Number of protein chains: 2
Amino acid sequence: MGKVIRVKKKPLPPGRPKAFDPEQALHTALRVFWEKGYEGTSLADLTAAMGINKPSLYATFGDKAALFRKVVDHYMRQQSGLWNDAFHLPTAKGSIARILTSVADALTNGKNPHGCLLVQAALSCGEDADCIKEELAAKRAESGTLMRTRLLRAQAEGEIPRNVDVAALSRFFSTILRGMSVEASGGATRAQLQTVIDLAMKAWPDSARQTTALPAEV
Amino acid sequence: MGKVIRVKKKPLPPGRPKAFDPEQALHTALRVFWEKGYEGTSLADLTAAMGINKPSLYATFGDKAALFRKVVDHYMRQQSGLWNDAFHLPTAKGSIARILTSVADALTNGKNPHGCLLVQAALSCGEDADCIKEELAAKRAESGTLMRTRLLRAQAEGEIPRNVDVAALSRFFSTILRGMSVEASGGATRAQLQTVIDLAMKAWPDSARQTTALPAEV
DNA sequence: TAATTTTTGTACCAATCGGTATGAAACACC
DNA sequence: GGTGTTTCATACCGATTGGTACAAAAATTA
């Protein structure tokens, strides 16, 4: 019983084989951290959900912080397709709009905890988790720079006027993403996020060209 | 030594007098929870910062959750002036703009931890803190309804056109507030938040009337 | 089958968690 | 001064925290 079927081209390494799939265990750990946050998740929570015991967890993933970092990588790998697809759309306006809608989809997806792991997991924490908090802030900043590079390209291509502050614009959309994450975590629906997106897109510079040229009130 | 000076009209109650000021202790507890979050804060953190010991804490404020609720009340009382001032400005546009700038001030105030307590303290948590998480989400929603009532009044007064969805508009500005909180927690400066505010105000309906009437591209 | 290697399950570790029992200390009142 | 009342400081509680030691179990290789 428990005989291991040798998969094609996978010569089993010596020693007792793992009784679990590390990839799937990582996926499960992601869900737990996503739902309970870094400090709110205990090793007991993890081992119970992953179906393994602590020594196996430590041998495979390292300590709690190391496992969490692997989880974050897994999460970003999982979301990277979304960003890549949006990034390569013909117009920057389309790219940003796609990012907002795709993220809204992900934030309210019924299969996952609502909200964004990078926001939920450790916005504030005790001293020992401070480095985790900072790492997450850095990861969040990455999405901002990603949008900024897309906007810069659009500016070079003439889609966005030269006088537009693309750094400010990308920070604005970053703020929208963070805000939607908090709202989704608090129970906002996909439809409600869509109305937020529609209003956010009003900040797009082609309408700004008019409103900044003229005074707001006539 | 340690003789208590009887303050005017304050007949000391019988028994040994408190050796600390509950109001100031609450203020200190606020700072700790604000910085470390609900789960990230231990009773040892609290007693050390407040300069009292656990039995005094329990006798005065109750258990950890009860203390936290008092802290949240203290926090909201502290911020209520900001909202009241903004609420009574003559135009809704001015009210919203004032709220955004005042909150941006508060979020990046050097004297306090950056970010908003209602967002930071418990976006995600373990099971035993779930009720705290939900209470915070409800408190956050209050600010949204507050803005919505202000917008409804403006609509009744004719400042905002009847066809505008004020629920969506208030949700949009709520999202901006949450997003700014996360950004501030991650290190955003006051000036950076201002650029976000300037762009957010582009969603205001008087400019929307133009852009929705005309197609975006000519 | 014997030797080797790796994983597994259990039992355990010190430290910390939130929360409390207890007796001494400090006040008001009489 | 004595009495009643409340707070103080210390020491303690069981439960849980993240993390490990250890030996049995399960695989490969020889």
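The shown structure was predicted, so the numbers you read here are calculated from the model rather than taken from an experiment. Just so it is clear: chains get the letters A, B, ... in the order the sequence lines come, proteins before strands, and each one is counted from 1.
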*Output, in order, the C-alpha distance, side-chain angles, deciding distance and verdict of side chain to side chain contact (heavy atoms under 4.5 Å, CB included) for A:Ile99 and A:Phe87.*
CA-CA 8 Å; A:Ile99 287 172; A:Phe87 202 84; 5.8 Å; no

Considering only nitrogen or oxygen atoms on both sides, find all protein atoms under 3.5 Å from nucleotides 4-6 of chain C and state each distance.
residue: C:dT6; atom: O2; partner: A:Arg16; partner atom: N; Å: 3.0

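- With sequence neighbours left out, the ring-ring contact (aromatic ring centres under 6.0 Å, His included) criterion links A:Trp83 to no other residue.
- For the segment residues 130-137 of chain A, the set of residues with a heavy atom within less than 4.0 Å of an atom of DNA chain D is empty.
- Between A:Leu57 atom CG and D:dT20 atom P the separation is 12 Å, expressed in whole Å.
- Residue pairs that meet the side-chain hydrogen bond (donor to acceptor under 3.5 Å, both in side chains) test with at least one member in residues 108-120 of chain A, sequence neighbours left out, are A:Gln120-A:Ser185.
- By the side-chain hydrogen bond (donor to acceptor under 3.5 Å, both in side chains) test, B:Ser95 pairs with B:Arg150, sequence neighbours left out.
- Evaluation of the side chain to side chain contact (heavy atoms under 4.5 Å, CB included) rule for B:Asp45 yields B:Val32, B:Lys36, B:Thr41, B:Ser42 as partners, not counting sequence neighbours.
- Listed by chain and number, the residues in a side chain to side chain contact (heavy atoms under 4.5 Å, CB included) with A:Lys139 are A:Val72, A:Asp73, A:Met76, A:Leu118, A:Glu142 (sequence neighbours excluded).
- With sequence neighbours left out, the side chain to side chain contact (heavy atoms under 4.5 Å, CB included) criterion links B:Gln155 to B:Leu152, B:Ile160, B:Val164, B:Val166.
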*Heavy atoms under 4.0 Å is the rule here; annotate nucleotides 12-23 of chain C 5' to 3' with B where the base is hit, S where only the sugar-phosphate is, and - elsewhere.*
-----SBBBB--

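- A sub-4.0 Å separation between OP1 or OP2 of C:dT8 and a side-chain N or O of A:Asn53 is absent.
- Taking B:Arg190 as the reference, B:Asp105, B:Gln194 meet the side-chain hydrogen bond (donor to acceptor under 3.5 Å, both in side chains) condition, with sequence neighbours excluded.
- Across the protein-nucleic acid pair, A:Lys36 atom NZ and D:dG18 atom C1' stand 16 Å apart, rounded to whole Å.
- Shown here are the side chain to side chain contact (heavy atoms under 4.5 Å, CB included) partners of A:Asp165, two or more places apart in sequence or in another chain: A:Ala167, A:Ala168.
- Annotation: side-chain hydrogen bond (donor to acceptor under 3.5 Å, both in side chains) contacts involving residues 48-57 of chain A, sequence neighbours excluded, comprise A:Asn53-A:Ser56.
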